[in-house]
Each structure stands twice: as structure tokens, then as C-alpha cells.
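Okay, so here's the structure we're looking at.
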Amino acid sequence: MFKEALRRYLEEAARRAVARGALPDVPLPPVEVEVPRGRRHADYASSLPLALAKPAGRPPREVAQALVDALEIPPAHVSRAEVAGAGFVNFFLAPAWLQELLRRIHAAGDRYGNRDLGRGQRVNVEFVSANPVGPLHIGSGRNGLIGDVLSNLLAALGYQVTREYYINDAGTQVHNLALTVEHHYFASFGRERPFPADGYRGEYARDLARKVAERDAETWLDRPEAERLAAFRDAALEQILAETRQTLEEFGIRYDLWFSERTLYDQGAVDRTLAALREKGLLYDHDGAVWFRSTAFGDDKDRVIIRSSGWPMYYAADIPYHLNKLERGFDHLIDVWGVDHIGDIARVKGGLAALGVDVDRLEILLYQHVRLRNEGELLRMSRRRGEYVSLADLLAAVGRDAARYFFCMYTPSVPMDFDWELARKQSQDNPVYYVQYAHARISSIFREAAEHPAGRALAGSGLLATDGEGGVAPGAVQGADLSPLTHEAEIALIHTLADLPDVIELAGLRREPQRLCAYAREVAEAFHGFYTQCRVLSDDAGLSGARLILTAAARIVLRRTLGLIGVSAPDRM
RNA sequence: GCGCCCAUAGCUCAGUUGGAUAGAGCGUCGGACUACGAAUCCGAAGGUCGCAGGUUCGAAUCCUGCUGGGCGCACCA
């Protein structure tokens with residue numbers, strides 16, 4: 001709220017200065033207002049004069065002085081505005097404005113930080129979408145976290161978000177899975193069946209076969225192969241998808257839609273896409289396969305779209321899948337993909353462009369892979385070899401909160417090493433506890449307040465809520481006296497709480513969930529500092545009341561931030 | 001070889017889309033509990049922001065080249 005207002009004040013000042021002749025009438029560059037690093041020089045600062053100096057043909061400090069002279073800001077908002085450094089305008093906020101922020105936070109409650117940038121635009125976020133050929137591995141944890149948190153952020157920014165999981169239940173991967181199950185199924189009845197060349201080595205494949213054997217006994221041994229493989233495929237899919245769903249739910253992710261790739265084949269969407277591409281002259285036959293002229297859309301070479309065996313490539317269905325999403329009325333599509341899929345972008349986008357789609361509506365969000373480290377040693381993971389740690393294993397070892405926070409901490413475009421040993425420790429080394437501890441401390445204060453004389457007095461005056469979990473009554477905050485909040489640590493905490501809307505906006509629009517973790521830590525740090533220096537419950541009822549209001553505002557912000565990350569905000573630890 | 005991503009404290013990473021003296025956590029060293037939770041707080045040490053140029057009032061941030069790493073360049077996904 002402060003940045004926006006200050007931006008407006010500056011724009012008005014610039015207009016006024018021009019009208020007065022103090023500044024030449026040149027186009028105003030974008031007015032940036034920011035928090036100086038560490039809030040060392042001021043509460044807020046603008047480099048507008050530096051940007052304006054050149055077009056205005058005047059020294060930056062002179063421009064800054066003209067702007068400061070033309071500023072008209074109520075003293076209740078800004079106590080001081082001055083020229084500083086090479087030509088900055090520094091702002092120092094008045095206590096009354098900071099107090100107003102606290103009232104706003106309480107009035108907004110768990111909606112504090114929301115904005116309406118999306119104006120109800122419909123966004124589809126598709127994430128994880130792992131091949132249903134085995135348990136989810138930890139890379140899917142990173143994928144899931146990014147997609148889920150981004151969805152939370154976009155919802156907070158006023159977009160109408162749909163979370164979607166694309167089930168790759170057609171194609172060669174699930175076929176290979178069916179062959180693998182077949183091998184184990186036959187083996188369980190003492191019959192030989194060669195292990196498929198591209199089979200899945202994990203122990204889970206044996207379990208899948210055992211379940212089928214338990215259910216259907218030996219009925220499949222002598223049935224036609226096609227029928228048998230279809231049955232094995234479906235049984236395996238059902239089992240794996242049930243586990244996938246459960247693991248993701250334990251991870252805190254719920255989807256609005258699970259979309260089956262096979263339906264695209266069944267409903268002829270893939271054939272229609274191929275026919276449309278063929279009609280536009282973008283397909284040709286060569287070496288017994290069908291090729292897509294993807295070089296026409298920036299790819300470095302043409303790609304096979306239907307193998308000589310007749311099986312279409314994965315992306316042959318991916319093109320109609322994205323068409324389908326657009327036909328369902330989404331304004332914008334976001335896919336979260338691992339970097340190893342980077343090569344697919346040109347093909348899918350090329351296919352969509354060929355069919356007349358504005359490909360800017362499809363955004364592919366790439367994240368770098370997760371490596372697992374144990375006692376300093378990097379582990380290579382391979383699903384084909386069955387050598388990897390599953391997301392379910394990770395959740396069982398470290399819990400949802402630590403897992404989510406950990407995945408959220410790292411910038412998606414940077415590879416991350418998951419330190420298994422550290423994560424297993426479940427100790428205070430884990431940054432999530434630092435933040436959660438701040439929240440638990442706040443709850444503890446409110447538990448204490450119910451017993452404390454000052455707290456009882458405040459409950460009597462209606463400020464402290466006596467029902468539910470305690471906390472302050474939002475209505476009573478509006479008329480409360482917040483002027484006792486003058487301590488350095490109190491002011492610093494309020495400033496930190498003011499940043500939430502910007503954090504949500506930046507994290508959401510730039511697709512950088514790690515900002516939430518950095519911010520959560522800042523809020524916790526500011527609160528711990530306040531807590532150490534300022535006693536909340538004292539025999540001064542006025543001061544206690546004001547500090548309880550500040551404390552409750554910090555709780556709102558912590559909950560909101562942790563909630564966006566999908567991490568719990570415990571009242572006790 | 002070509003394309004994308006990356007290189008910041010001993011380690012793991014931030015760095016508000018070009019701003020003022022580059023920040024945290026862990027680790028190391030030293031302090032703080034007879035009042036609301038010490039899973040906390042305060043302090044110290046630790047940096048040629050991979051290297052070299054360039055752009056400008058100003059660069060960790062933008063451009064070029066180089067070095068070093070990750071990923072891709074399949075009739076796999």
C-alpha cells in the first residue's frame with residue numbers, strides 16, 4: 001500500500017513541478033519506488049530523479065530537489081522526504097500511516113496481500129503429470145511444489161486457477177509397463193516370459209503383477225496377448241494412479257481435473273490433429289515413418305510424429321491436448337516441465353502454431369532437476385533401473401512441511417541437491433522450523449494472554465477475542481490506540497508486514513515461489529527480534545493492547561505466507 | 001559442434017527485473033534465560049559476485065567473448 005501511494009505522490013509532484021516550470025515537460029519514465037537494501041537509508045526510496053535527469057537535461061540532485069519541493073503528502077503519511085545520495089528521493093513514513101497498515105491487515109484478515117491483477121482470467125496449471133509407470137520420484141516433488149504454489153499465488157492475484165494432471169495412459173510407456181507386469185505374472189506361475197527390453201526394473205512392478213495374480217489367478221495365461229496386455233495395463237494404471245493420488249494428497253496437492261491422454265485417441269482428437277497437419281502440408285512420409293516439418297517453427301530438425309511401427313510419438317497427443325485445454329475456455333496455459341523436456345517445446349508449440357494457435361498463451365515453466373545427496377555423495381537416479389527415492393519415501397522421512405518448504409526454497413531454474421541426511425534429521429537445522437516457531441510463539445502469547453491481568457482487561461474491553469483460538473477482535477482494532485508502537489523493533493516488524501502484497505505479486509508474476517520462503521524467514525526474523533526486545537503482556541494495558549494487535553497482524557501474515565507455500569502454521573511445536 | 005539453464009562467504013542459497021556500504025542459513029568463535037516458548041536473540045570472523053572486455057551517472061544484475069558445470073539435440077518420455 002505504501003509503494004503504490006508513494007508512486008502516486010511522486011507522479012503528482014512531477015506534474016506539479018512541470019506546471020511550475022521547475023522541470024521541463026518531458027515524458028515521465030516508469031516511477032519506481034523500492035525498499036532500500038536493508039532499509040538502511042530510508043523506509044522507501046525512488047530513483048526517479050536519476051532516470052529523469054537525462055531527458056530533463058538537469059543534474060539528478062537538482063531534479064530530485066524539484067520533485068521534493070513539489071511533493072504534497074499529508075504529514076500523517078510521510079514525516080520526511082528528502083534528496084539523498086546521487087539523486088534519490090528518500091521517504092520516512094509517519095507512525096500514523098504504519099498504524100493504518102495494521103488496521104488494514106486486520107480488516108483484510110486472510111485476504112491480506114490479495115490483488116486483482118487477473119480479473120478472473122482463467123488459467124490452467126498443469127503439473128507433475130508423471131508417466132504412470134511407477135511411484136513418483138522426488139523430482140515430481142519439486143514439480144508438484146512449483147505448480148501448486150504457483151497456483152496458490154495466481155489465485156491470490158485474482159486469476160481463476162484450475163489444477164490439472166495429465167495422465168499418460170496411452171503410448172509406449174504404459175505398454176512397456178504392461179509387458180513388465182506380464183513377465184512377472186508369468187513368473188509367478190513358474191512360466192518363462194522374457195523381461196521386456198524397455199521394462200521397469202523396480203520391485204513395484206512385481207507387486208503389480210502379484211496383485212493381478214491374486215485377483216484373477218491364472219486366467220490370463222492362455223488368453224490372447226492383446227486382451228491380456230490391455231487388462232494388465234489397466235490394472236497397473238489403476239493401482240499406480242491410486243498411489244499417485246494418495247502421495248500427492250499427502251504432499252498437500254489436490255487437482256481439479258485428471259485428464260486422460262487415451263480419451264484424446266478414443267475421441268479421434270489425435271487423428272484430427274494429424275489430418276489437419278497433413279492438410280497444411282506439414283507432414284511427410286520418410287523411411288516408413290511420418291515426419292512433422294517442425295523446422296518450419298524454429299526446431300533444428302524435422303521430427304518423427306508417427307513411428308514406422310505405427311505408434312504415434314508422445315507429442316502427437318500433446319498438441320490436441322493443449323488445443324483441448326484452450327477449447328475449454330482457458331485464457332492462459334502453464335505447464336510445469338523438467339528441463340529434460342526442453343526439446344519438446346518446439347514440437348508442441350510448433351504443432352499448435354501450425355493449427356493457428358497464439359503460442360504465447362502456452363507458457364512452459366521449466367525447472368532444473370533434483371539430485372539426491374547422501375553424506376556428501378551424489379546419487380544417480382534412474383526409474384528404468386528402479387533406482388530412485390520415491391516422493392512417498394521422502395514424505396515418510398521428513399514430513400510434508402519440511403519437504404514442501406525445502407522444494408520451495410530453491411529457484412526453479414537452478415538445479416537443487418536434496419540433502420537426504422539433513423532432511424532426515426528433522427532438527428532445527430531445517431529453516432521451516434524457524435518460521436513455524438515464530439507462529440507457535442505468537443499462539444503461545446495469546447494462550448498466555450487469556451490468563452494475564454492485562455489480557456483479561458483487554459478481553460473485557462472487547463479487544464481480545466475470548467472465543468475460538470483467541471487473538472484480537474478485528475472490529476475492535478479499528479478504533480484501538482496504536483500510538484504506543486514506537487520501538488525500533490515494532491516499526492521494523494510493521495515494515496516487514498507491509499511487504500506481503502509485493503512479495504505475492506513478484507513471486508506470482510515472475511513464477512518465483514522461492515520468494516515466499518525468503519519472505520517467511522524475514523517475517524519470522526522481524527517477529528523474533530520484536531519479541532526479544534518488546535514484552536507484549538505487561539501491566540501497561542494500552543501498550544499490551546497495541547502490541548497484541550501487532551502480534552496478531554504478524555500471525556495473519558505468517559499464516560498467509562505459510563499457507564501459500566502449503567506448509568502448516570502450528571500453534572504448538 | 002549447436003541450443004537452453006547456471007557460476008555470489010568454507011558449504012547450501014537469496015539478492016525487489018540497472019541503484020546507495022552485496023545478504024541469510026548451516027558451519028567456526030564469543031556472549032544472553034529468577035517475566036509472554038533459548039527450536040530464540042546479540043556480536044565476531046569469513047567476498048577480486050568464475051575470467052576479460054563493453055554499455056552509463058551507476059553493473060552481481062544488461063551485451064560480447066572465454067573458462068567451468070547441468071540439461072537437451074531419438075522412430076524415449
Side-chain angles (χ1 to χ4, degrees), chain A residues 3 32 34-38 40-42 45-47 50-51 53-54 59-60 84-88 90 130-131 133 168 171-173 176 198 287-291 299-301 303-309 311-315 318 338-346 366-369 371 373 376 383-384 409-417 419 422 427-431 433-434 436-438 440-449 451-452 454-455 499 502-503 505-506 509-510 512 514-515 517-519 521-522 524-525 527-529 531-533 535-538 544 547 551 572-573:
Chain A
K3 271 192 194 176
E32 302 291 343
E34 41 190 41
V35 178
R37 210 182 273 281
R40 256 193 303 266
H41 305 88
S46 176
S47 57
L50 292 160
K54 192 167 211 178
F88 295 93
N90 281 354
N131 266 316
V133 292
N168 304 125
T172 55
Q173 300 284 323
N176 287 330
D198 294 315
D287 283 347
V290 180
W291 295 69
D299 206 350
D300 47 14
K301 56 201 249 194
R303 310 286 169 168
V304 167
I305 192 162
I306 303 176
R307 302 172 177 87
S308 48
S309 66
W311 289 82
M313 299 287 288
Y314 175 82
Y315 74 94
D318 226 10
V339 272
D340 54 335
H341 288 80
I342 191 169
D344 296 339
I345 296 176
L366 295 176
Y367 65 94
Q368 295 281 332
H369 271 177
R371 292 187 306 181
R373 191 173 41 187
R383 188 201 290 283
R384 296 261 160 94
M409 277 195 316
Y410 300 89
T411 308
S413 62
V414 173
M416 72 172 270
D417 293 342
D419 192 328
L422 178 69
S427 71
Q428 67 224 41
D429 293 344
N430 197 317
Y433 295 118
Y434 181 79
Q436 289 183 317
Y437 181 62
R441 244 183 176 176
I442 291 171
S443 295
S444 168
I445 291 172
F446 281 101
R447 282 194 297 271
E448 183 68 22
E451 309 301 323
H452 193 277
D499 293 337
D502 292 325
V503 170
E505 183 178 331
L506 281 173
L509 294 185
R510 296 193 194 171
E512 294 181 344
Q514 80 280 1
R515 287 172 188 276
C517 290
Y519 178 66
R521 206 200 57 76
E522 276 175 36
E525 184 178 48
F527 179 76
H528 286 312
Y531 178 90
T532 305
Q533 296 174 67
R535 181 161 178 92
V536 176
L537 298 167
S538 67
S544 297
R547 285 181 170 169
T551 300
R572 296 173 204 270
M573 294 173 69

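We name chains A, B, ... by the order of the sequence lines, and we start the count at 1 in each one.
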All N/O pairs under 3.5 Å across the protein-nucleotides 12-16 of chain B interface:
from	atom 1	to	atom 2	distance (Å)
rU12(B)	O2'	Tyr410(A)	OH	3.3
rA14(B)	OP1	Thr411(A)	N	2.8
rA14(B)	OP1	Thr411(A)	OG1	2.3
rG15(B)	OP1	Gln514(A)	NE2	3.3
rU16(B)	N3	Val35(A)	O	3.3
rU16(B)	O4	Val35(A)	O	3.1

Work out how far the [atom1] atom of [N] is from that of [M], and round it to whole angstrom.
N: rA77(B); M: rG54(B); atom1: P; answer: 49 Å
N: rU16(B); M: rC42(B); atom1: C1'; answer: 27 Å
N: rA52(B); M: rA9(B); atom1: P; answer: 16 Å
N: rG10(B); M: rG47(B); atom1: P; answer: 6 Å
N: rA60(B); M: rC51(B); atom1: C1'; answer: 14 Å

If you compare every side-chain N and O of Tyr433(A) against the phosphate oxygens of rG25(B) (OP1, OP2), does one of them come in below 4.0 Å?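 Indeed not, no polar side-chain atom of Tyr433(A) lies that close.
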Between Arg40(A) and rG19(B), is there a contact of a side-chain N or O with OP1 or OP2 at under 4.0 Å?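 For rG19(B), OP1/OP2 do not have a side-chain N/O of Arg40(A) under 4.0 Å.
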Do we see His41(A) stacking on the base of rA20(B), given a limit of 5.5 Å between centres and 30° between planes?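 Yes, the aromatic ring of His41(A) stacks with the base.
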Stacking of Tyr434(A) on rG25(B) base (centres under 5.5 Å, planes under 30°):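 Not stacked by the 5.5 Å and 30° rule.
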What integer distance in Å separates Phe88(A):CZ from rG58(B):P?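 It works out to 13 Å between those atoms.
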In whole Å, I'd like the distance from the CD atom of Gln436(A) to the C1' atom of rA39(B).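 Interatomic distance, CD of Gln436(A) to C1' of rA39(B): 11 Å.
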Could you check whether Ala84(A) gets within reach of a base, just the sugar-phosphate, or nothing at all, counting any heavy atom under 4.0 Å?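 Base contact - Ala84(A) has a heavy atom under 4.0 Å of at least one base atom.
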Nucleotide-resolved protein contact map, nucleotides 30-38 of chain B, B/S/- at heavy-atom distance under 4.0 Å: -----BBBS
Below 3.5 Å is the cut-off: list the nitrogen or oxygen pairs between protein and nucleotides 2-4 of chain B, distance only.
none

Residues in ring pair (Phe, Tyr, Trp, His ring centres under 6.0 Å) contact with Tyr437(A), at least two apart in sequence or another chain: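 Per chain and number, Tyr437(A) pairs via ring pair (Phe, Tyr, Trp, His ring centres under 6.0 Å) with His528(A).
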Lys NZ or Arg CZ of Arg303(A) over Tyr315(A) ring: under 6.0 Å, within 45°: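 Not satisfied by the 6.0 Å and 45° rule.
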Dot-bracket encoding per residue of RNA chain B, Watson-Crick/G-U cut-off under 3.5 Å, | denoting interstrand: (((((.(..((((.....[...)))).(((((.......))))).....(((((..]....)))))).)))))....
Under 3.5 Å, which N/O atoms of the protein pair with N/O atoms of nucleotides 45-51 of chain B?
none

